[in-house]
2 protein chains.
Amino acid sequence: MRQRRKEARPAELMAAALDLFVERGFAATKLDDVAARAGVSKGTLYLYFANKEELFKAVIQQGILPVLAQGEEMLTQFDGDARALLQVMLMRWWELVGTTHLAGIPKLMISEAGNFPEVAQYYYENVMVRGRGLIREVLQRGIASGQFRAVDVEAAIDVILAPQMMLAIWRYSLGSCDCGKQDPQTYLRTHIDLLLNGLMAAEKK
Amino acid sequence: MRQRRKEARPAELMAAALDLFVERGFAATKLDDVAARAGVSKGTLYLYFANKEELFKAVIQQGILPVLAQGEEMLTQFDGDARALLQVMLMRWWELVGTTHLAGIPKLMISEAGNFPEVAQYYYENVMVRGRGLIREVLQRGIASGQFRAVDVEAAIDVILAPQMMLAIWRYSLGSCDCGKQDPQTYLRTHIDLLLNGLMAAEKK
DNA sequence: TACATTACTGACTGGCCAGTCAGTAATTAT
DNA sequence: ATAATTACTGACTGGCCAGTCAGTAATGTA
């Protein structure tokens, strides 16, 4: 009954590690616990990852890249206006990320950036920059078409992403305190509503 | 030259601890380093704080409560309209917090909430709830006076606070990666501009 | 002066955990 | 069958660090 699905081991270990890193932080997570959650011994873990830090890097990389790919594809294929595109992208992101533990990665990166500058650099260049690029493209389309006001695009990108990040972060941090919190859907809807209204070029009634 | 300003020791230790906790996280911070930064030995630290966790709690409590007091006072004294009040509060918050290491506390709480549920609970009840109360009051005034649209107030509070939180968090996490980042003033101005536009009741040209 | 009190020190210890590696079990090859 | 290879184990160790405490220095007091 041992060693089934040979090539599945690393994925199982990374999933276990993501869970625990997100829940407890990097330093407070014991590799014994990671291995136990994946149903193997600590020694097995070291067959697939050179050390704790390499495991950490792998978790970050594998977890986040697929999401970006989806976003970039959506950008090239979507044929509605900028307003609708922005709305769809913000909601789709939560669909992809909010239903998994991937939502914990922003919290993890924020917590550990100081201790792992190289990982932070990697994340910044490969995740933040690409993610910001998606929003930048949408804003520029909207401004070019006259649908959006000519806001400061770079600043607006960060302002738009902040509530999305906080939504993801909340669940894995203080989210445990406020049980009565309204659901993410209401939050997202309100964010998008405020945002689109704020971006809209003055022309209505 | 030793033991000057007797009652200043705890404050010096807490300042040193805040710096290092924010920079490295709770688990990765050594009490030897905290003591060294405060210019004393580790033994001295234990004269003022029972253990590492008590030091952590003290840092959180002492750091954040004064800021809230300011906000609550502003609410009772300000005599402009809701629009101006909201703007002033968001900017003043950054003045108070952005110029000190207090800005690192949100990052710290987010990182460690899972490991210190009691501290998280305390922070939630005494900081988040009160902070949200400030914004709620402003929104309700604005909606009552017809200046703001009737948005979902509870959700809007979180959407409004998110960019403020991220501004504080950024500096102590991935902020080290993007040196070319525009200044916080531009970011804040864009946030407030988008927000006020988004909140405004439709009545303009 | 001597004695008491307060402030501080830093070597020490005990537990914890990342990382190792000699050994065992399962699988595959011959 | 037997050998060779691959997958996995878990007891062990070495370093690190929170927390201790016997001792020293400074200050206060009589």
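The structure displayed is predicted, hence computed values, not measured ones.
The side chain of A/T44 places no N or O atom within less than 4.0 Å of a non-bridging phosphate oxygen (OP1 or OP2) of D/dC8.
Between the C1' atom of D/dA18 and the CG atom of B/N51 lies a distance of 9 Å, rounded to the nearest Å. Rounded to whole Å, atom C1' of C/dT20 lies 13 Å from atom CG of A/D32. Distance A/F49 CZ to C/dG19 P: 13 Å, rounded to the nearest Å. Spacing between atom OH of B/Y46 and atom C1' of D/dA22 amounts to 18 Å, rounded to whole angstrom units. Between the P atom of C/dT13 and the CG atom of B/L31 lies a distance of 20 Å, rounded to the nearest Å. Rounded to an integer number of Å, the gap from OH of B/Y48 to C1' of C/dT9 is 13 Å. Whole-Å rounding puts the A/E54 CD to C/dA18 P distance at 16 Å. Across the protein-nucleic acid pair, A/L45 atom CG and D/dT9 atom C1' stand 13 Å apart, rounded to whole Å.
The side chain of A/S41 lies closest to D/dG10 when the candidates are C/dC17, D/dA18, D/dG10. Counting only heavy atoms from C-beta on, A/L47 has its side chain closest to D/dC8 among D/dG19, D/dC8, C/dG19. The A/R9 side chain lies nearest to D/dC8 when the options are D/dC8, D/dG19, C/dA18.
Remark: the A/H101 side chain and the A/E23 side chain contain no N/O donor-acceptor pair separated by less than 3.5 Å.
With rounding to the nearest 0.5 angstrom, the CG atom of B/L188 is 7.5 Å from the CH2 atom of B/W94. With rounding to the nearest 0.5 Å, the separation of CG in B/D158 from CG in A/L167 is 9.5 Å.
We find that B/R189 and A/D152 are not joined by a salt bridge, their nearest charged nitrogen and carboxylate oxygen being 4.0 Å or further apart.
Judged by atom type and distance alone, A/K42 reaches the base of C/dA18 through a side-chain donor-acceptor pair under 3.5 Å.
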